[in-house]
Amino acid sequence: MTGTPRSLRSSGSGTRRVRRTVLGALAGVAALLATGVTAAPASAAPDPGTVAPSAQERALDFWTPQRMRAATPLDVLSVDRSDVRAADIRKGKATVVAPSTPASDVGPLAIPHGGGPWTGGGAVTKTAGRVFFTFQGRTASCSGNAVTSANKSTVITAGHCVKMEGAWHTNWVFVPGYHDGQRPYGTWTASKILSTPQWTASEDINYDIGAAVVAPLDGKKLTDVVGGQGLAFNTGYSKAMYAFGFPAAAPYDGEKFIYCSGTTYRDFLLSSDHGLTCNMTGGSSGGPWFTQFNEATGTGLQSSVNSFKYNFLPNAMYGPYFGADAQNLYQSAQSS
């Protein structure tokens with residue numbers, strides 16, 4: 001879909017007018033006041049944001065526990081509904097990448113679930129984590145997830161969690177297994193951040209998918225430490241899915257691992273996204289959605305990410321369809 005942004009609202013700072021030449025809409029999951037998206041050429045290559053080793057070292061020093069606790073969700077972008085038109089997601093052959101996580105024994109939880117703490121344990125408590133970065137001079141947070149990859153270093157998140165308002169985020173780090181201020185598996189700095197060509201060029205909400213390649217930590221690669229979830233591309237709509245994240249906007253505070261579950265539906269309003277009943281808020285952006293999720297092991301196939309909400313549907317979350325361009329992004333990341 002195409003939408004022309006009209007204003008940007010910052011948490012606690014009121015509303016201010018902004019002007020942008022880019023068509024499209026950000027998906028700040030705190031809420032979209034009225035949303036839209038753009039169909040951009042699918043042939044363009046993702047534009048990676050390469051992070052110098054010196055910048056990686058600065059990011060590691062920058063993210064103290066105090067800064068992590070003070071990080072806030074991204075701003076909320078509003079668009080003119082009259083500028084919106086439907087997009088046609090480019091699809092391909094159904095493809096599945098198997099998880100690379102050890103099995104574990106946990107008890108089953110209820111499905112469907114509209115949002116609450118994940119108490120089941122399992123592999124997802126290690127592969128999923130918080131994402132921290134600097135955006136427009138302030139500290140901000142999202143969510144992300146480690147996936148099976150050739151480089152054992154790939155994290156999937158939302159597009160607006162790596163690039164927004166035309167600029168790549170800085171001081172980008174991933175903290176798998178984050179909880180209550182704890183970093184049990186360390187802080188992993190990005191050596192490269194990428195997004196789909198449509199998000200990179202015009203912030204098209206249908207393609208709000210990002211990826212990061214993280215540098216080794218203490219001589220070890222990410223998925224050798226925390227494991228990696230599987231992925232599924234081009235597998236259709238109306239699926240039983242589980243969504244996870246670290247919402248940091250009220251009533252949440254970013255310190256707890258939250259999940260929603262249920263049968264998804266195709267967005268019947270302005271995007272080609274999956275929809276799911278879910279009350280997660282800002283900060284959960286980029287958190288993984290899984291099909292074929294096994295509560296007993298905490299493993300599944302990542303098929304989307306938390307992307308946006310409509311302000312008039314506060315209990316519905318939307319996540320982009322993982323089609324051919326999402327698959328190309330994954331291939332670019334894992335081969336980096």
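- Aromatic ring pairs are classed by plane angle as parallel below 30°, tilted from 30° to 60° and perpendicular above 60°; the pair Y310 and F312 is parallel.
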Could you walk me through whether D208 and S307 pass side chain to side chain donor-acceptor pair (under 3.5 Å), step by step? CA-CA 7 Å; D208 183 21; S307 177; 2.8 Å; yes

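- Applying the side-chain hydrogen bond (donor to acceptor under 3.5 Å, both in side chains) criterion to Y252, with sequence neighbours excluded, gives N279.
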Working note: H160 + S285, criterion side chain to side chain contact (heavy atoms under 4.5 Å, CB included); need CA distance, chi angles, decisive distance, verdict. CA-CA 8 Å; H160 67 273; S285 295; 3.0 Å; yes

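- Counting only N and O atoms by type, the side chains of T127 and N145 include a donor and acceptor under 3.5 Å apart.
- Put simply, the side chain of F62 reaches to within 4.5 Å of the side chain of T134, judged on heavy atoms.
- F135 and V51 are not part of a single hydrophobic cluster, where members link through side-chain heavy atoms under 4.5 Å apart.
- By the 4.5 Å heavy-atom criterion applied to side chains, L217 and V225 are not counted as neighbours.
- At least one donor-acceptor pair under 3.5 Å links the side chain of S261 to the backbone N or O of H113.
- Residues L329 and V147 fall within the same hydrophobic cluster, defined by Ile, Leu, Val, Met, Phe, Trp and Tyr side chains chained together at heavy-atom separations under 4.5 Å.
- Checking side-chain atoms of T223 against main-chain N and O of T148 turns up no donor-acceptor pair under 3.5 Å.
- A single hydrophobic cluster is seen to contain both Y265 and F308, as judged by linkage of ILVMFWY side chains at heavy-atom distances under 4.5 Å, directly or through other members.
- Between F246 and F257, some side-chain heavy-atom pair lies under the 4.5 Å cut-off.
- K192 and S336 get closest at one heavy-atom pair: NZ-OG, 3.7 Å.
- Between L231 and L301 the shortest side-chain heavy-atom distance does not fall below 4.5 Å.
- In this structure P184 satisfies the side chain to side chain contact (heavy atoms under 4.5 Å, CB included) test together with H179, Q182, sequence neighbours excluded.
- Judged by distance alone, the side chain of T281 and the main-chain N or O of P247 form no donor-acceptor pair under 3.5 Å.
- From N315, atom CG reaches atom SG of C278 across 8.5 Å, with rounding to the nearest 0.5 Å.
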Let's go through D267 and Y237 carefully: what are the C-alpha distance in whole Å and the side-chain angles of both, what is the deciding distance for side chain to side chain contact (heavy atoms under 4.5 Å, CB included) to 0.1 Å, and is it a yes or a no? CA-CA 10 Å; D267 181 15; Y237 291 91; over 6 Å; no

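- No donor-acceptor distance shorter than 3.5 angstrom exists from the side chain of N171 to the backbone of R58, with no hydrogens or angles considered.
- For F290, the ring pair (Phe, Tyr, Trp, His ring centres under 6.0 Å) criterion is met by F244, F293, not counting sequence neighbours.
- Here D61 contributes atom CG and R67 contributes atom CZ; the two are 10.0 Å apart, rounded to the nearest 0.5 Å.
- Of the listed residues (E255, K256, R183), just one forms a side chain to side chain donor-acceptor pair (under 3.5 Å) with Y178, and that residue is E255.
- At a threshold of 4.5 Å between non-hydrogen side-chain atoms, the residues W168 and T200 count as touching.
- Between the side chain of S284 and the backbone N or O of G245 there is no donor-acceptor pair closer than 3.5 Å.
- When every heavy atom of R130 is checked against every heavy atom of G254, the shortest pair comes out as NH1-O, 3.0 Å.
- Between L269 and L313 there is a side-chain heavy-atom pair separated by less than 4.5 Å.
- Minimum heavy-atom separation, V131 to G144: CG2-N, 3.8 Å.
- Closest approach of T139 and A71 over heavy atoms only: OG1-CA, 3.5 Å.
- Note that CZ of F268 and CG of D273 are 12.5 Å apart. Values are rounded to the nearest 0.5 Å.
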Given F322 and T291, is the side chain to side chain contact (heavy atoms under 4.5 Å, CB included) satisfied, shown in steps? CA-CA 12 Å; F322 273 22; T291 56; over 6 Å; no

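- I156 places none of its side-chain heavy atoms less than 4.5 Å from the side chain of Q229.
- Considering OG1 of T125 and CH2 of W118, their distance stands at 9.5 Å, rounded to 0.5 Å.
- Scanning both residues, Q56 and A190, for their nearest heavy atoms gives CG-O, 3.4 Å.
- The shortest non-hydrogen separation linking P176 to F174 is CD-O, 3.4 Å.
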Are W188 and S153 close enough, and set up right, to give a side chain to side chain contact (heavy atoms under 4.5 Å, CB included), and what steps lead you there? CA-CA 10 Å; W188 301 73; S153 303; over 6 Å; no

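- The closest side-chain heavy-atom distance from F133 to I193 is not below 4.5 Å.
- Ring geometry for Y330 against F233 counts as tilted: the plane angle lies between 30° and 60°, on a 0 to 90° scale.
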